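Computed from a predicted model, the values in this text were never measured in an experiment.
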Amino acid sequence: MKAQLEEQLKALPANPGVYLFKDEQGKIIYVGKAANLNNRVRSYFGTSSSLSSKIQQLVSKIQDIEFMITNSEQEALILECNLIKKYHPRYNVRLKDDKTFPYLKINVNEEWPGVYITRRIKNDGARYFGPFASAGSVRKTLRLLKKIFPFRSCTKPINGSDKRPCLNYYIHRCLGPCIGAVTKAEYQEVINQVILFLEGKQELVLRELNHRMTVAAQQLQFEKASLLRDQIQAIKRIIEGQKIAITLRGEQDAIALAQNGGQAYIEIFFIRNNKLIGHDHFTMEGTHDEKPGQIMTNFVKQYYASASYIPPVILIQYPVDEMSVLTKWLKERRRGNIKLQVPQRGVKKRLINMVAENADKGLLLVKAKQANLEIITSGLQELKDRLCLPKIPLRIEGYDISDIQGALAVGSMIALEKGLPKPSHYRRFRLKMLAGVNDYAMMQEILRRRFKRAIASETGWANMPDLILIDGGKGHLNAALEVRQELRLDSIPIVSLAKENEEVFIPGKPEPVDIPKDSPALHILQRARDEAHRFAISYHRRLRYKEGVTSILDDILGIGPKRKKALLHKFSSVEAIKDASTEEISQTKGITLALANKIKEYL
């Protein structure tokens, strides 16, 4: 041991506090807490045979020690959580990407509160719900709330004097406070229902909605009553989905984990008012050589350090270290009594077993995704090598065309980013400049339009590809190269993939590139080609359907937009109208028997 470390060990006090280990670059590689700093830190430098391989590796990296004294072990625990979150030390068990968890926020102090996503909890009197594992989790919850409760999703000032409401008002997703269509009291009722719903008190929401529906029906406000009925049915479907075979009681969280090497998958179920109202999962890193109890301890500390709500009972799969210290800390955070339990039998044990099974399945899914990403990464590297690209093609754009003898010609552009589809960057093209069948000219039109917009820096078109893939053979490739030269975009590589023999052609080589059929590189190109083809076909079908509708029904005298809409609503397609009898057609709203005869004759 270095003389510097020996001197630092001698200076360690016997107080509670937090210690930090640093490497030769001065980077913090481990943060720990202790009831007695002297005893705890010295334990790392004892006989190496008594230490795990992970701790032995940690000790070999330690070049400097720092410590901070606290008044109590509980204070040390809080400081430890904050420092781990701040520095993400390599050798600590830590939540993956836990810089800031997302929450749902309802600012009840506003006149017209909304429900928003935030990553910061403030002491501002607002209600917070979370944390959620990811932005995807919280957005999914927000979408569900918006389908059930008509609160506003805009952030503009509300004065009730707007001339027109937004689309949400017309589809009954907002009560229209901007146009004065609802009172503050009525709007506040909706916000109160959202809060009760997020608290798991759906029965109270149902009771209130049923009462309001009955009153609306008695007052002959049938449209309002029907909207309330739809809300009630939506909530009942959710409650039905929350039922599980295990009979639950009260409010509790149930936590279990699955571990594999340096990664642990944590599953947490949220039980409120005797129902499973939701679940979430988290990934923890740095778990090499860590026992399940240690992983559970770190998760409980880090998760509940930022949780907006702590239930009175927390069920855990494994005993945590220093149960009494953690319980006391949680009690202070909750401001009420709390129990940390490791169920051994009965209903709670069956619940933990179910959570553990979900964790096992979740870890398998994570591993499968990671394996898939590894395959994609190797495939992108292989593409760079086999196609002699200047860099790994992190963004690949695929192009295809679809038409019937030149009619309704359309084109598609799709994007793969890091080998995965990026649907928000897909684009469709309705080809306008061509007459007759000319696949090469159609492909050139698509490329010109796409890259002229990019050159002009139009919004949504500025992302430039690392590789362009054309569906077709050498002829299609040469046509694309002409456009590249014309627009002076020679730095963008272009290749083509011919479907017949899955041959890949690159500029300057008459023969296809040798890529094995089972190669991840070829699979990425096939995925881009097939996705571009699918996207082009779907657009072409939609235009064919639209063209068929407009060219036939709109030519019949006496058929306007309303009657056309009624016919299509009843029969779904022109073909179905053609197959229907005159009597069936005449039963459509607005269609007389005489007009039905005219339609039948025309079709």
Side-chain angles (χ1 to χ4, degrees), residues 1-70 73 75-101 119-120 259-266 282-291 294-295 297-299 301-303 305-306 321 366 370 373-374 377-378 381 391-392 394 418:
M1 188 191 303
K2 290 187 176 181
Q4 178 187 344
L5 288 180
E6 288 180 354
E7 291 300 318
Q8 288 176 334
L9 290 175
K10 290 177 184 177
L12 287 168
N15 304 69
V18 172
Y19 55 93
L20 300 87
F21 294 152
K22 296 183 177 181
D23 62 13
E24 60 184 358
Q25 280 84 36
K27 185 177 180 181
I28 295 171
I29 57 176
Y30 188 79
V31 174
K33 73 159 188 66
N36 184 314
L37 284 167
N38 190 299
N39 293 344
R40 182 71 184 101
V41 176
R42 282 182 176 275
S43 69
Y44 288 92
F45 298 93
T47 308
S48 61
S49 59
S50 63
L51 303 175
S52 69
S53 60
K54 177 182 175 180
I55 298 300
Q56 289 180 38
Q57 188 181 27
L58 165 64
V59 172
S60 69
K61 304 281 186 183
I62 298 172
Q63 297 294 319
D64 191 16
I65 301 171
E66 286 186 10
F67 62 84
M68 288 174 256
I69 297 172
T70 59
E73 203 172 349
E75 284 186 15
L77 188 150
I78 295 168
L79 182 57
E80 178 197 31
C81 287
N82 291 336
L83 291 174
I84 290 173
K85 193 170 185 179
K86 181 178 180 180
Y87 293 111
H88 290 76
R90 178 183 174 186
Y91 288 94
N92 277 100
V93 176
R94 62 202 178 277
L95 279 168
K96 185 178 180 182
D97 301 329
D98 70 331
K99 294 174 185 175
T100 48
F101 286 122
R119 289 184 178 269
R120 294 182 62 190
Q259 184 182 3
N260 188 320
Q263 193 174 58
Y265 186 96
I266 311 287
F282 299 81
T283 303
M284 300 200 77
E285 297 177 321
T287 60
H288 279 295
D289 297 327
E290 297 287 355
K291 295 178 181 177
Q294 293 170 317
I295 299 170
T297 302
N298 282 279
F299 176 76
K301 287 192 294 187
Q302 294 176 44
Y303 177 77
S306 57
D321 299 337
V366 167
Q370 288 175 344
L373 287 174
E374 289 173 4
T377 302
S378 68
Q381 179 63 52
K391 61 180 179 179
I392 293 175
L394 298 180
K418 296 181 180 179

Measuring from atom NZ of Lys61 to atom CD of Gln25, what distance do you get when rounded to the nearest 0.5 angstrom? 9.0 Å
Just how far is it from atom CD of Gln294 to atom OG1 of Thr287, taken to the nearest 0.5 Å? 10.5 Å
Nearest heavy-atom neighbours spanning Arg90 and Arg94: O-NH1, 3.2 Å
Exam field: side chain Thr70 to backbone Glu75, donor-acceptor pair closer than 3.5 Å: no
How long is the straight-line distance from CG of Asn36 back to CG of Asn15, given to the nearest 0.5 Å? 8.0 Å
For Ala264 and Ile295, which heavy atoms make the closest approach, and how far apart are they? CB-CG2, 3.9 Å
Is there a side-chain contact between Leu79 and Lys33, using heavy atoms and a 4.5 Å cut-off? no
Which heavy-atom pair separates Arg40 from Ala34 by the least distance, and what is that distance? CB-CB, 3.4 Å
Shortest non-hydrogen contact between Glu290 and Gln259, atoms and distance: O-NE2, 2.9 Å
Within the structure provided, determine whether His288 and Gln57 are in side-chain contact (heavy-atom separation under 4.5 Å). no
Is there a donor-acceptor contact under 3.5 Å from the side chain of Gln302 to the main chain of Val93? yes
Measure the spacing between OG1 of Thr283 and CD of Gln370 and express it to the nearest 0.5 Å. 8.0 Å
Tell me, do Pro13 and Phe67 make a side-chain contact under 4.5 Å, heavy atoms counted? yes
Between CG of Asn92 and CG of Leu83, what distance do you get to the nearest 0.5 Å? 9.5 Å
Which heavy atom of Leu9 sits nearest to which heavy atom of Asn38, and what is that distance? O-ND2, 4.2 Å
Heavy atoms only: give me the nearest Tyr44-Tyr30 pair and the separation to one decimal. OH-CE2, 3.4 Å
Could you check whether atom NZ of Lys54 has more than 12 heavy atoms from other residues, nucleotides or ligands sitting under 6.0 Å from it? yes
Rounded to the nearest 0.5 Å, what's the gap from CD1 on Ile28 to CD1 on Ile84? Could you check? 11.0 Å
Look at the rings of Tyr303 and Phe299 and say which category their plane angle falls in: under 30° parallel, 30 to 60° tilted, over 60° perpendicular. parallel
